[in-house]
Amino acid sequence: MPDLPPKHAAGVSRRTVARATAAAGLAVLFGAASGTARAGAATRLGPRTLDVSVPSAALGRSAPVRLILPSGFGARPERTYPVLYLLHGAHDDYTSWTRETDIEAFTEGRDLIVAMPDAGPTGIPSVWRGGPDYETFQVKEVPALLAREYRASGVRAVAGVSTGGYGAMAHAARHPGAFRAAASFSGILDTTAPGVPAIMDAIVARENLPAASLWGHPLLNLLTWRDFNPRARATGLRGTALYVSQGSGVGGGSGGDPLPGLLESALWPSAQGFTGTLARLGIRATTHLYSGGGHDWPYWKREFTASWPMLAHALGVPE
């Protein structure tokens, strides 16, 4: 199975920006305890890749989605295609998967659509308290538009990194049957685990937003936090093919930077609690909880490759 080598962007890399924001997030953490509108203009980026502006009632604005279309899309107008949704992480954007990986080349010759929707600056694709509803945007509005304008079938799978991993499992759990498979790579899978509310608050605060603007106070609004918690909603994942990966961090990471390892270790108990709950409920999942590792793309690319056979089987495309 081919790996996904990194791609390089000009100027300051998003990885550098992400690490800088992660550092600020750690400082905060350890210092404190169904739209029907048609798509707007599409910007062609390559033979198969384009950015589409999607008018969204759930967000109150238009938001971008990057698409990779099948190689024979224009030649077979009668054909419909399954969709793989790839979700980005915190302080990143919808371009991350094409920027950090070779997902375009990886999917060449495979009859599927790849959709990479926006999740806002925090990368938390949820229903914000009195604010934007990224869950509806990603789970209902984008699929409806793809079905109308890009011949998407009802066969879907979702995968994500970091907060996008949260989104993959939360979407699948809160909308049973919407996705045939869900994969999380270093996702936030138990939002009420010790220390995790502080991590969520740090992510939100890094974008100069009030912490309570997400789901409210983690204790005073505990029922809301539980409602959006993948672990608490795990019964909704029964019947969905699942892949969960997480490193223990600490000594992991890449390039001598300790931050990815520290971030990964902070989420280790959350992943253990989530997979333990799946096991107790008798919900089958492929899990890879490994020693070391870091909260960074070199590990997520490897885990995507490992999860691909499961995702491909769910989508009905060749491995």
Which residues, ordered by chain and number, are linked to Tyr94 in its hydrophobic cluster, where ILVMFWY side chains connect at heavy-atom gaps below 4.5 Å, directly or through other members?
none
Verify the distance criterion only: is there a donor paired with an acceptor across the side chains of Ser126 and Glu135 at less than 3.5 Å?
no
Give a yes or no on whether a salt bridge exists between Asp118 and Arg61, defined as a side-chain N under 4.0 angstrom from a carboxylate O.
yes
For Leu289 versus Ala271, what's the shortest heavy-atom pair and its separation?
CD2-CB, 4.2 Å
Trp97 and Trp297: aromatic ring centres closer than 6.0 Å?
yes
Closest non-hydrogen atom pair, Pro117 against Leu86
CD-O, 3.7 Å
Using only heavy-atom distances, determine whether the side chains of Thr122 and His91 contain a donor-acceptor pair under 3.5 Å.
no
Heavy-atom count around His288 NE2 within 6.0 Å, excluding the residue itself: above 12?
yes
Verify the distance criterion only: is there a donor paired with an acceptor across the side chains of Thr49 and Glu104 at less than 3.5 Å?
yes
Is it true that atom CZ of Arg238 has more than 12 heavy atoms of other residues, nucleotides or ligands lying nearer than 6.0 Å?
yes
Are the charged groups of Glu108 and Arg48 less than 4.0 angstrom apart, N to O?
yes
Cation-pi check for Tyr290 against Arg302: NZ or CZ below 6.0 Å from the six-membered ring centre and within 45 degrees of the axis, yes or no?
yes
Compute whether any side-chain donor of one residue and acceptor of the other, for Ser186 and Glu264, lie under 3.5 angstrom apart.
yes
For Arg180, is there any backbone N or O sitting under 3.5 Å from a side-chain donor or acceptor partner on Arg156?
no
Atom CZ of Arg233 with >12 non-hydrogen neighbours under 6.0 angstrom
yes
Looking only at atom types and distance, does a side-chain atom of Ser213 sit under 3.5 Å from a main-chain N or O of Pro210, one as donor and one as acceptor?
yes
Would you check if the distance from the ring center of His217 to the ring center of Trp225 is below 6.0 Å?
no
Check this for me: does any side-chain nitrogen of one of Asp92 and Arg99 sit under 4.0 Å from a carboxylate oxygen of the other?
yes
Under the side chain to side chain contact (heavy atoms under 4.5 Å, CB included) rule, what do Leu146 and Arg151 come out as? Steps first, then yes or no, please.
CA-CA 6 Å; Leu146 294 183; Arg151 306 200 308 273; over 6 Å; no
Can you tell which of Asp51, Asp93, Ile68 makes a side-chain contact (heavy atoms from CB on, under 4.5 Å) with Met116?
Ile68
Would you check if the side chain of Arg110 reaches a backbone N or O of Pro70 as a donor-acceptor pair within less than 3.5 Å?
no
Under 3.5 Å, side chain of Gln138 to main-chain N/O of Pro125, donor-acceptor pair present?
no
Answer yes or no: is there a donor N or O on one side and an acceptor on the other, between the side chain of Arg231 and the main chain of Gly273, under 3.5 Å?
yes
Please check: side-chain N/O of Ser270 versus main-chain N/O of Ile188, any donor-acceptor pairing under 3.5 Å?
no
Taking all non-hydrogen atoms of both residues into account, name the closest pair between Trp128 and Ile124 and its distance.
NE1-O, 3.3 Å
Compute the ring centroids of Phe106 and Phe304, then answer whether they are less than 6.0 Å apart.
yes
Under 3.5 Å, side chain of Arg66 to main-chain N/O of Val114, donor-acceptor pair present?
no
Under a 3.5 Å threshold, yes or no: a donor from one side chain and an acceptor from the other, between Thr224 and Arg129?
no
Under a 3.5 Å distance rule, please check whether Thr286 uses its side chain to pair with a backbone N or O of Tyr243 as donor and acceptor.
no
Could you list the cluster mates of Leu237? Members are the ILVMFWY residues connected by side-chain heavy atoms closer than 4.5 Å, either directly or through other members.
Met169, Leu189, Leu242, Val244, Phe274, Leu278, Leu281, Ile283
